[in-house]
Amino acid sequence: MTASRNSRVPPPGRVDAIVVGASAGGVDALSTLLPMLPRDFRPALLIVLHLPRERPSLLVEVFSARCALPVHEATDKEPIQPGTVYFAPPDYHLLVDAGVPGPTLALSQDAPVHFSRPAIDVLFESAAAVYGGRLGGIILSGANADGARGLASVREAGGATLVQAPATALVATMPAEALARGPVDFVLPLEQMPAVLRAWGGAGAV
Amino acid sequence: MLDVASKDFDIELRLLLDAVYLKYHYDFRSYAVSSLKRRLAQAAEHFDCATLSQLQDRVLHEPTLFPSLLDYLTVQVSELFRDPSYFRALREQVVPVLRTYPSLKVWIAGCSTGEEAWSLAILLREEGLLERTLIYATDINPTALQRAEAGLYAVDRIAAFTQNHQLSGARTSLSDYYTAAYGSAVFDRSLKSHIVFSDHSLATDSVFAEVQLLSCRNVLIYFSRELQERALGLFRDSLCHKGFLGLGARESLRFSAHEADFAPVVPEDRLYQKRERSRRP
């Protein structure tokens with residue numbers, strides 16, 4: 001099906017967290033997207049980027065230098081803070097657990113999904129269960145089908161969905177797989193994403 | 001796979017965990033929910049159950065099914081000398097202190113299939129400390145404990161183990177400690193005489209010994225915050241004055257009420273030491 005803007009556009013300001021999945025071409029996509037987000041961006045960003053297991057994760061260093069937002073590698077049971085970027089550590093699944101006073105990060109070494117640990121589906125499905133409609137999900141460039149099922153969970157839980165326009169992705173497979181799975185709210189090139197993300201988070205709202 | 005985001009799943013999950021506790025006395029009710037849900041959804045699929053309620057029915061009435069379910073409820077992922085920098089930090093920062101004790105007790109909490117226990121035994125032998133050491137390796141999964149005690153690992157894993165061992169600051173060759181035969185490597189019986197493999201639950205059991213070193217890596221990630229607090233309390237009470245605690249690479253005491261009970265020794269390798277002023281409840 002052709003996915004385009006869905007009529008069910010989420011009301012501005014209702015998203016507390018945004019989950020992001022990327023694989024091949026993902027570092028480039030995130031290098032464009034994350035630095036465009038302003039210091040007062042409110043939702044937390046939880047990111048799974050497929051990386052070879054043996055390679056030490058330099059993502060935090062790379063992105064800290066370029067982003068207005070603080071960037072962390074996820075630690076187990078860490079309370080999720082607004083306006084903070086969390087990367088899944090290599091060789092662990094990143095999940096969300098409900099907590100008091102708010103949701104926390106959770107890690108596991110359960111079996112890989114789509115040959116990946118971390119897996120995008122694992123993050124998205126657990127976040128959808130905890131955040132329900134107060135969640136946004138984004139699928140960026142990548143070469144496999146991880147994330148398609150997860151983005152469907154975000155949609156079914158009432159969350160907002162966005163997929164990188166396949167023609168603009170370095171590797172179009174992952175965005176295309178996500179679109180084949182059902183309607184999404186937005187299909188956009190990277191440059192047009194920040195405006196949507198700010199609206200999700202309620203930019204300027206007190 | 002079942003829909004882990006549905007409300008019915010949450011209800012059925014609680015009922016299933018209650019059933020497991022009442023029937024088999026294994027307490028998973030305080031495990032971290034998100035990853036537990038996924039493992040149970042996979043278990044339901046494996047046992048051809050369309051819902052967790054069906055799985056509950058089978059678990060209650062087919063006791064022979066429970067050991068396989070336990071393999072889904074617990075996670076067995078490990079390597080010898082996993083995270084070599086952790087073992088290097090143990091050698092450099094902890095072993096010099098351990099040398100000052102006339103006899104040593106070490107607790108591997110959540111030893112799963114035994115990789116960490118065998119690694120520590122090898123490390124302590126290399127450092128000349130094993131002869132005065134007793135290692136308690138505990139877990140709740142009896143099948144995993146049997147495999148841990150057998151000390152038998154597939155030969156195709158040995159290359160990775162050897163590389164980890166070298167990176168940990170090895171003083172000897174890993175091949176000194178195992179014999180390969182029929183596709184398996186079996187670890188040395190003389191190491192095993194210093195390891196006691198035993199059933200122990202961090203959720204329901206209590207302190208059983210005073211230890212100088214306690215290693216519990218990638219176990220607390222499967223616990224809820226409340227259960228983590230219980231386990232860390234047990235660890236504090238088990239450790240001797242200034243005893244050492246090692247956690248997994250992505251675990252932290254920062255989000256625990258027990259943070260003040262421990263001082264960081266090598267924070268990047270998650271090595272801590274019990275503080276002097278640490279109080280007992």
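Below, read A as the first sequence line, B as the second, and so on, with proteins coming before strands; counting in each chain starts at 1. Note that the structure is a prediction, hence the values are computed from the model and not measured.
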Proximal component of B/Ser256, with respect to chain A [non-hydrogen, under 4.5 Å]
neither
Is the number of heavy atoms from other residues, nucleotides or ligands under 6.0 Å of B/Gln163 CD greater than 12?
no
Assess whether atom CZ of B/Arg147 is packed by more than 12 heavy atoms of other residues, nucleotides or ligands within 6.0 Å.
no
Please look at A/Val122 and chain B and tell me whether the side chain, the backbone, both or neither of the residue comes under 4.5 angstrom of a heavy atom of that chain.
both
Between B/Arg250 and A/Tyr92, what is the shortest heavy-atom contact and its length?
CG-CE1, 3.4 Å
Heavy-atom pairs under 4.5 Å with chain B - which of A/Glu125, A/Arg149, A/Glu156, A/Gln109 has more of them than the others?
A/Gln109
Engaged part of B/Gln228 at the chain A interface, taking heavy atoms whose separation is under 4.5 Å
side chain
What I'd like to find out is whether the side chain of A/Asp91 reaches to under 4.5 Å of the side chain of B/Arg82, using heavy atoms alone.
no
If I compare all heavy atoms of B/Glu251 with all of A/Thr75, which pair ends up nearest, and what's the gap?
C-CG2, 4.3 Å
Minimum heavy-atom separation for A/Asp110 to B/Ser35, with atom names?
OD2-CB, 3.7 Å
Taking every heavy atom of B/Ala32 against every heavy atom of A/Asp97, the minimum-distance pair comes out as CB-OD2, 3.4 Å
Is it true that, when you exclude B/Arg14 itself, more than 12 heavy atoms of the residues, nucleotides or ligands shown sit nearer than 6.0 Å to its CZ?
no
Under 4.5 Å to a heavy atom of chain A? For B/Lys37 that would be side chain
Indicate yes or no: at least one non-hydrogen side-chain atom of B/Arg38 is less than 4.5 angstrom from one of A/Leu95.
yes
Tightest non-hydrogen contact, residues A/Asp76 and B/Leu220, listed as OD2-O, 3.9 Å
When you measure from the side chain of A/Lys77 to the backbone of B/Arg254, do you find a donor-acceptor pair of N or O atoms at a distance under 3.5 Å?
no
